[in-house]
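Chain identifiers are assigned alphabetically (A, B, ...) following the order of the sequence lines, protein sequences preceding nucleic acid strands; residue numbering begins at 1 within each chain. Since the model is a prediction, treat every value here as computed from it, not as a measurement.
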2 protein chains.
Amino acid sequence: MPLPSSTVENYLKTIFKAQSAQQDRKRLVPMGHLAHALGVVPGTATTMVKALAESGLVDYEPYAGVRLTPAGEKLAALVLRRHRLMELFLVKVVGMSWAEVHDEAERLEHAASDKLIDRIDTMLGCPATDPHGDPIPDSSGSMVTPDYQTLLTCPLGETVVLTRVTDQDATFLRFLEGNSLKPGQMLRVETRDDAADQVVVRGRNNRQIAIGMRAAAKLQVVPAGYGAEAAGVDSPA
Amino acid sequence: MPLPSSTVENYLKTIFKAQSAQQDRKRLVPMGHLAHALGVVPGTATTMVKALAESGLVDYEPYAGVRLTPAGEKLAALVLRRHRLMELFLVKVVGMSWAEVHDEAERLEHAASDKLIDRIDTMLGCPATDPHGDPIPDSSGSMVTPDYQTLLTCPLGETVVLTRVTDQDATFLRFLEGNSLKPGQMLRVETRDDAADQVVVRGRNNRQIAIGMRAAAKLQVVPAGYGAEAAGVDSPA
DNA sequence: ATTATATTTTTGAACAATCAAAACCGATAC
DNA sequence: GTATCGGTTTTGATTGTTCAAAAATATAAT
Ligand SMILES: [Mn+2]
Ligand SMILES: [Mn+2]
Ligand SMILES: [Mn+2]
Ligand SMILES: [Mn+2]
């Protein structure tokens, strides 16, 4: 019952995110996926997951996969809370770029005390989302994950608000920033061309921006003026 | 040559502080002292120190003790820099109490990147001392450690400025704060009574404060108006 | 010099986390 | 049903960090 190591925290967080990413979040996460996401060989993940199961943090079915127990889910959500609050803090208070805060938070999330995190939460006014639009769990570990549409699935021609970016790669984030593609930005999808693998959107100052479909799928949106505030969009300007 | 683990960083920092604390800072630090300061058994310290010697970070003489090499000294100073800048940041920007920032910084010092530390340094205006008056090494790892007098050794009756507190215990720090005994505060030592183990000082609002000699030795001072600014005192009000 | 005491080192073992490579299982394909 | 193949688990080993207890050393006392 000692406090979980950062290794354990990372395993739980990764399982949590993998479960959230699949449509049925009660399904088992395959060992291979987990190992790949953590950058370890599959055998290592198996060993670790068996230990986590022993501690009651996950359910483990050999050859099938792993799933968080309620206890594991709560712990994972609190790690995610520390991560996302820390990211927003680094952007808003410290003035770091949204492209670099992920790596920083990846380490700080294991070192910051609950006291510090609560202080940050208060200082930021109990925010609902982080700089990338990811929802921030509350201090009890619960979180709402709205099922947004993406620039690939939203209706053509209608104005939408960018709400979430589901890729933390620094280069990608810098590209988006250079094109004013940050959460809160209003957009309209002009055309989609499957053959050319291209989506053209009109963004800030009516400027046209063309991006590939792989990238477009990483940009989540809501219809303009509908639930934008509820989704935590800061400045729908 | 991988980056040093937090365990290694803690060993180096502890050796550094032990060397600084002894009058001749080139003397060897006994294994027993090191082990006690780190909260490990002596055998553990011996094992670790031999590994550090292998990496060229310390000089180790069996049965005599350990001392930092120039490489180890630089690394240690940079850990201390991260620790102290983080403490000041937590007090000044995050609004935490000076009594609780030490424990927090004890973990954050291993997680914060150089980029974050530089950002904090700039934000704070490249401060010379932390909330407890401890000097902050610069980014090259050099640091001046003035040899202050204490409330036990300073002249009676003369006005002095409190510059440094050499004990991080939270309860002690809260006691000091409750009596306005923080760096920058002007004081006068009225009486010293060896038999009663008591030092009486006159502090803020001419209020009299009596403390034991053990505690008085932990409060470092400089003559008022002389080198106070150079020592990084913030508000000699 | 001999003895006693305190400190230090060594030895043997443990735990956490990891990998490489061999063995294994399960879902398809024939 | 047997062969095949990707994913999974086992096995055996390594590294880092730690402890308990035994052995060794240095220093101080007699
Ligand atoms: Mn992130
Ligand atoms: Mn994020
Ligand atoms: Mn400190
Ligand atoms: Mn300090």
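What separates CG of B:Leu52 from C1' of D:dG16 is a distance of 12 Å, to the nearest Å. Rounded to an integer number of Å, the gap from OH of A:Tyr63 to C1' of C:dA27 is 13 Å. Note: NE2 (B:His110) to P (D:dG16) measures 18 Å, nearest angstrom. Going from atom CD of B:Glu54 over to atom P of D:dT15 covers 13 Å, rounded to whole Å. One can place NE2 of B:His33 at 13 Å from P of C:dT7, the figure rounded to the nearest angstrom. Regarding A:Leu57, its CG atom lies at a distance of 16 Å from the C1' atom of C:dA16, rounded to whole Å. Distance NE2 (A:His36) to P (D:dG7): 12 Å, rounded to an integer number of Å. Across the protein-nucleic acid pair, A:Tyr11 atom OH and C:dA16 atom P stand 13 Å apart, rounded to whole Å.
Taking side-chain N and O atoms only, A:Thr44 has no distance below 4.0 Å to OP1 or OP2 of C:dT18. Side-chain N/O atoms of B:Ser5 include one lying less than 4.0 angstrom from OP1 or OP2 on D:dT17. An OP1 or OP2 oxygen of C:dT10 is reached within less than 4.0 angstrom by a side-chain nitrogen or oxygen of B:Lys50.
Taking the ring centroids of B:His102 and B:His83, they lie under the 6.0 Å cut-off.
A:His132 and A:Asp167 share no side-chain donor-acceptor pair at under 3.5 Å.
For A:Pro42, counting side-chain heavy atoms from C-beta on, the closest listed nucleotide (D:dT18, C:dT18, D:dT8) is D:dT8. When the nucleotides C:dC19, C:dA17, D:dT9 are ranked by their closest atom to the side chain of A:Met31, D:dT9 comes out on top. Nearest to the side chain of A:Val40, among D:dT9, C:dT18, C:dT10, sits C:dT18.
Counting any heavy atom pair closer than 4.0 Å across all strands shown, A:Gly43 reaches a base atom. Across all strands shown, B:Thr7 has heavy atoms under 4.0 Å from sugar-phosphate atoms exclusively, and none from any base.
Ion pairing of B:Arg81 with B:Glu109 is absent here, as no side-chain N (NZ or NE/NH1/NH2) approaches a carboxylate O to less than 4.0 Å. A salt bridge does not link A:Glu104 with B:Lys115: none of the charged nitrogens is closer than 4.0 Å to a carboxylate oxygen.
Residue-environment remark: NZ (B:Lys74) stays at or below the threshold of 12 foreign heavy atoms within 6.0 Å.
With DNA chain C read from its 5' end, the first of the two nearest nucleotides for A:Pro62 and A:Val8 is the one closest to A:Val8.
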